[in-house]
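Fair warning: this is a prediction, and the values are worked out from it, not measured in the lab.
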Amino acid sequence: MHWRLHLKRAAALLFLGGIGVVAGPLSWETAGLSAGRVSLESGAWREVRSLGAANFSAEFCQSFRLEYDSEVQRVGVAGYGWTIPLLESRFSGSGERMTWRAPWGAEIGFVRREGGSYVSDADFEAGKEGEHWILRGSGERRDWVFTYRGSVLESAKAPSGRVLAFEYDVLKRPVSVAEQGRAMIQLAYDGNTRQASKITVSGVEHVLTYAVMKVESAPRSHADALAGKVEAERPVLVSLRKADLDPIAFEYNAFGYLTRAGATKFTVETASETVQKKFFEEVRSRQSRGLGVSDLHPAQRTGRLLADGVSNYAYPQRGLTVVTDA
């Protein structure tokens, strides 16, 4: 099998179908258009691990999951590079624009309109009420309400009136998600660390183990390329064990990109310093002459997925992903 998927064409499909910003009934597991594991929105690639079904009512029913995203360079509840969309939802920004990292993982932009409220293309409007941000659905999302204290999700209210409540400890770490007072998701931590050591979903316990590793930063600009290697210590998820089952092991390369998840191995591209510097020099040269750089495409880019054991991935030109059987 051979796929050739172009980013511009995919973007048109995303706009028309509403994929990634949710269309029709609210989905807690909405994902953008992809070619295999590779997102056609961002070029990032993902590995998803389900921790089982969170047995909420039908409106909130979902598979509770950990998601590795190659573009995520922050440390979350499950360590560096991993996200838990439901627990890491945020509404933040300032001035004319706000960004909603929705509980299903999509990032949705809001712009300020006259009167002070904020609007989006995703059938949601946002307004400030005291120390809370209130996001209210409209159209097909009417009667959905998400409440944020500061930037952190406090509750989600469905059209039926049922509510998901998010509880945090004194260190502002998520510790439970409950519906009508019944916690279906619970988290525990070791000491003051911000990474969950145990996550219990509908009564089933999962144990997460981490290791601190030195992660090199891949250059993203000419200045980065000239600066050379920069390292920072990051907690990375190395093991996930469900109940009494054998643990799933995870491995990473020097740049912090996932190279193994259980039996699945990933081949990740690493650009040479020479290629990186040449590309960034061309970008800087173009910009200094007032020329565009949108047509420039790096011959190599650290972090791109090349193979996952099932498919091979190639990027012959900007915005084009070619997927073939391994």
Side-chain angles (χ1 to χ4, degrees), residues 14 17-32 48 50-67 76-78 83-93 98-110 117-169 172-187 196 199-204 206:
L14 286 165
I19 301 173
V21 296
V22 189
L26 187 62
S27 170
W28 294 87
E29 299 181 22
T30 301
V48 178
S50 173
L51 300 191
N55 295 326
F56 299 119
S57 61
E59 292 163 301
F60 299 121
C61 189
Q62 59 192 275
S63 171
F64 187 76
R65 64 199 191 278
L66 308 183
E67 294 185 3
V77 175
T83 66
I84 303 178
L86 183 65
L87 301 181
E88 298 178 273
S89 178
R90 297 289 185 271
F91 188 73
S92 60
M98 301 291 288
T99 299
W100 184 23
R101 193 192 310 157
W104 49 88
E107 290 210 355
I108 300 169
F110 285 71
S117 63
Y118 291 77
V119 296
S120 72
D121 292 327
D123 286 341
F124 279 95
E125 297 183 2
K128 192 76 178 291
E129 298 182 11
E131 62 181 5
H132 291 90
W133 283 99
I134 311 297
L135 280 66
R136 292 186 171 89
S138 60
E140 294 185 343
R141 312 294 186 280
R142 63 185 177 277
D143 298 326
W144 279 96
V145 181
F146 293 86
T147 300
Y148 290 77
R149 181 185 291 271
S151 63
V152 178
L153 181 59
E154 188 175 76
S155 66
K157 183 179 179 182
S160 66
R162 299 184 73 86
V163 175
L164 277 190
F166 295 77
E167 182 183 356
Y168 302 84
D169 64 13
K172 298 183 179 181
R173 302 175 300 190
V175 293
S176 71
V177 184
E179 182 183 1
Q180 307 304 111
R182 184 183 178 193
M184 289 296 181
I185 298 169
Q186 297 169 297
L187 297 92
I199 300 177
T200 303
V201 181
S202 298
V204 180
H206 303 262

Of all the heavy-atom pairs spanning [X] and [Y], show the shortest one and how long it is.
X    : Y    : value
L187 : P174 : CB-O, 3.6 Å
V201 : A53  : CG1-O, 3.7 Å
L153 : T147 : CD1-O, 3.6 Å

Between [X] (side chain only) and [Y] (backbone N and O only), is there a donor and an acceptor less than 3.5 Å apart?
X    : Y    : value
E129 : I134 : no
Q180 : V163 : yes
S92  : S151 : no
E59  : S160 : yes
S176 : A178 : no

Y118: which residues meet the side-chain hydrogen bond (donor to acceptor under 3.5 Å, both in side chains) condition with it, sequence neighbours left out? none
State which residues pass side-chain hydrogen bond (donor to acceptor under 3.5 Å, both in side chains) with S155; sequence neighbours excluded, sorted by chain then number. none
Go through the structure and list residues passing salt bridge (charged side-chain N to carboxylate O under 4.0 Å, His left out) with D169, not counting sequence neighbours. R173
Could you tell me whether R101 and E88 make a salt bridge, using a distance below 4.0 angstrom between a side-chain N and a carboxylate O? no
Beyond-backbone contact of P159 with W144, side-chain heavy atoms, under 4.5 angstrom: yes
What I'd like to find out is whether the side chain of F166 reaches to under 4.5 Å of the side chain of S89, using heavy atoms alone. no
Show, in sequence, the C-alpha distance, side-chain angles and deciding distance for F91 and F146, and conclude whether the ring-ring contact (aromatic ring centres under 6.0 Å, His included) test is met. CA-CA 10 Å; F91 188 73; F146 293 86; over 10 Å; no
Describe, in one word, how the ring planes of F124 and W104 are oriented to each other, choosing from parallel (under 30°), tilted (30 to 60°) and perpendicular (over 60°). tilted
